Amino acid sequence: MSTTESFVVDVAGPARPAAARPDGLRGAPTRADRDGDPPWLAGLNDAQRRAVSHDDGPLLIVAGAGTGKTATLAARVARLVADGVPAERILLLTFTRRASREMLQRAASMAGAEASRVTGGTFHSVAVRLLHRFGASVGLRPGFTVLDQGDAADLIGVLRAEVTAGSVTARRFPRKETIAAIGSRVVNSQVRLGDVLKAEYPWCLDAAEGVRDVLAGYGARKREHNVVDYDDLLLYWRALVRSEATRDAVRALVDHVLVDEYQDTNAVQADILEGLCGPGAAAADLSVVGDDAQAIYSFRAASVANMLDFPRRFDDATVVTLEENYRSTPEVLDAANAVMADAVTGGEVDGYEKRLRPTRPSGPRPQLWTCADEAAQARAVCDLVLERREEGLDLRSQAVLFRTGHHSDGLELELSRRGVPYVKYGGLKYLEAAHVKDALAMLRILDNPADRLAWERVLDCFDGVGPATRAKVVDALGLDDPQTAAGALGRFLDGAAPFPARARDEVAELVAAFAECRAGSADAEPPPSVQLERLVPFCTQVFARKYRDPAVRVADIEHLATLAAEEPTRSRFLSSVVLDPPVSTGALAGPPHLDDDWLTLSTIHSAKGGEWRAVYVIGAADGNMPSDMAVGDREGMAEERRLLYVALTRARDHLVVTWPQRMYHHRGGLDDRYSYAPLCRFLTPITEHFDERSAGLGDTGGFDADEPVAHDPVAVELDALWEL
Ligand code: ATP
Ligand code: MG
């Protein structure tokens, strides 16, 4: 095998400009600056230099927020490339695709464009690329597709219905989402089903056998349809590096593996790294960086244990700690440290010991805003964002962070009203939107004609097709039998399926579109963006009948086509869209143009690793943060605290925390109601680190208000109409 062969089939494209973090290794040169340093060492402190230049076995950098872990890893990539390691033989694993793009862009600015050819991405996206190449050796058929979480739950729902059919206990049987979560937990934590049920889902123990049957059936059904879910991707990758037959071939492709945010990897990911870099011939070099105080993904069975076990798993590991924080002002750090200090007193922390020393000069004190309600909070945050902009902080250096996706609903409305463009990351529903799933299902059929779930979704689009017709069509297309399913698309194009007369026009339109998208051989196929555009007329026809607001939905598909333009092939696009969902662009504000200035809205989970000059953490009311769900569970509470710590440590200069005293709960129907909540319990003891402000308490009366004023749907509708 030649030494320049790529780790994956197709190499990642060139890094694109960073969106959320415009400043790379910038700022005042530190005392470690020396004349004649190569660019990747310039400005680094001694510990960082040691990590960048390290040449001697496994390396773990463990350090607190903002100490330059990610910057050090990027510098290490640059150094390796400059030392002559072929870029495509370096594997950089990050938590999001965005993060790897940003790091490779940094590396390229130090070591030249070559560095942007480094293989970068998430564990899942690299797994997809690897499995397209080696999947057959672990039993995957070519052309497999990746199920997103919603589809996976739907398939489990089908199995659930089969297993509980006719049973009187069906109603009390765990929901499909719960079964999916149980299965995922088992896989990712590598703990047996019985034990997971006992420890985490005791209320499902009565249904243990049924749950087992559903999950076993789910595995079989996925193989039949030639689909894999997220968890399978990691399992198959691990199988590749565990099997004698393939391990050497995979190892032969990679010389260096670098992992950011190691604290949020799980047991299977650690096994994969051991498979690539552990004992045995041709092991790759491994460097990982992480902060156990920022572990926030235990719901995905990520395990801080990976950090703590590193020196045991990887012999002769070097551990480097970093102590100087370069990101935040001392005022911001004080507040963040106070949150963690409380955890230490509370006995919640047992990890690597770290101290954070501020290096930046003093700045403004953080602010804590008590707001009458969510509307007052939204107005206050908008005002502050715009004030900062007046002072010269563009929107891109500001971010609003929240615990869960819907906590920004009120703010999004206010931003739209005032014409402030924003992009929202994480917790997003874009991919879950029915019409987006329709369009993706069409592409999935083109990619994997045996994908029965995708067919069912598309068949449901046609006029006059109900369950009975659908079953007939599925049968006529040969989808019931794995042997014949691969020919389903050919049969559809040949008109072999019995559609009702009402569906004829739509069927003809889709047949024509599919035929053009296929255009003979895979090489001759138009790029994925063109394929999506070709599907737009069919979508327009169907959406007009099927959905409200069809024009907005068609626009979403057109937007999807612009996103698809970033991917070279349809299957790359499909897996990337599932594994790294596009940002929601805020339907009301309209998609910002990429070169415009926009505000970042993000869940805290998705803000991991990022930094902004001004950060607004909203919804810091108890019940939101910590989330109601975590109350009463010690580990859960510790994780909620770490979440708050992650949020606060994103701020460079300005930190604002806001909480609404009164919240409106949408429960649907007559049960909608307001409730009052106190300030987040992690902040209550440390308010002396903040300047306190309030918003809206005077004009709506705060706690003393009479009956709360209900949500005004007419005003919202009218506001949307005033748009030019
Ligand atoms: P997190 O834990 O939040 O992921 P991190 O440890 O990865 O943080 P970085 O994002 O790499 O930290 O760095 C934080 C900031 O400090 C960045 O703006 C980075 O450019 C800057 N920085 C890192 N090292 C130095 C240094 N030696 N001198 C000046 N600035 C630095
Ligand atoms: Mg980082």
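Just so you know, these numbers come straight off a predicted model, no measurement behind them. Order of listing sets the numbers, starting from 1, for every ligand and every atom in it. Each residue takes its place number in the sequence, starting with 1.
For a threshold of 3.5 Å applied to N or O pairs, the pair formed by R650 and ligand 1 contains at least one separation below that value. For D291, no nitrogen or oxygen atom sits less than 3.5 Å from a nitrogen or oxygen atom of ligand 1, counting backbone and side chain alike. The distance criterion of under 3.5 Å between nitrogen or oxygen atoms is not met by T72 with respect to ligand 1. Of the N or O atoms in L44, none lie within a sub-3.5 Å distance of an N or O in ligand 1.
Nearest to atom 6 (O) of ligand 1 by heavy atom, out of R49, M103, K69, R106, is K69.
Close approach of ligand 1 to T70 is summarised as follows: ligand atoms under 4.0 Å from at least one heavy atom of the residue are 4 (O), 5 (P), 7 (O), 11 (O). Each of the following atoms of ligand 1 lies closer than 4.0 Å to a heavy atom of A71: 11 (O). Close approach of ligand 1 to G43 (heavy-atom distance below 4.0 Å) involves ligand atoms 26 (C), 27 (N), 28 (N). In summary, the atoms of ligand 1 found under 4.0 Å from a heavy atom of N45, numbered by their order in the structure, are 27 (N).
The shortest separation from a heavy atom of K608 to ligand 1 is not under 4.0 Å, leaving the residue out of contact. Assignment of R652 to the shell around ligand 1 is supported, since a heavy atom sits closer than 4.0 Å. Ligand 1 lies within reach of G609, whose nearest heavy atom is under 4.0 Å from it. Residue contacts with ligand 1 include G64, since one of its heavy atoms falls under 4.0 Å from the ligand.
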*Checking side chain to side chain donor-acceptor pair (under 3.5 Å) for the pair S362/E331: CA distance, chi angles, key distance, verdict?*
CA-CA 7 Å; S362 261; E331 286 78 4; 2.9 Å; yes
_The test is salt bridge (charged side-chain N to carboxylate O under 4.0 Å, His left out); show your working for R97 and E567 and say whether it passes._
CA-CA 13 Å; R97 195 169 47 152; E567 298 290 349; 2.6 Å; yes
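Screening R396, R650, R652 for a salt bridge (charged side-chain N to carboxylate O under 4.0 Å, His left out) involving E611 leaves a single residue, R652. Tested against Y422 for a side-chain contact (heavy atoms from CB on, under 4.5 Å), the candidates L415, L395, L411 yield a single pass: L415.
Applying the ring-ring contact (aromatic ring centres under 6.0 Å, His included) criterion to Y262, with sequence neighbours excluded, gives F310.
Among residues at least two apart or in separate chains, salt bridge (charged side-chain N to carboxylate O under 4.0 Å, His left out) pairs with a member in residues 64-83 are D55-R79, R79-D83.
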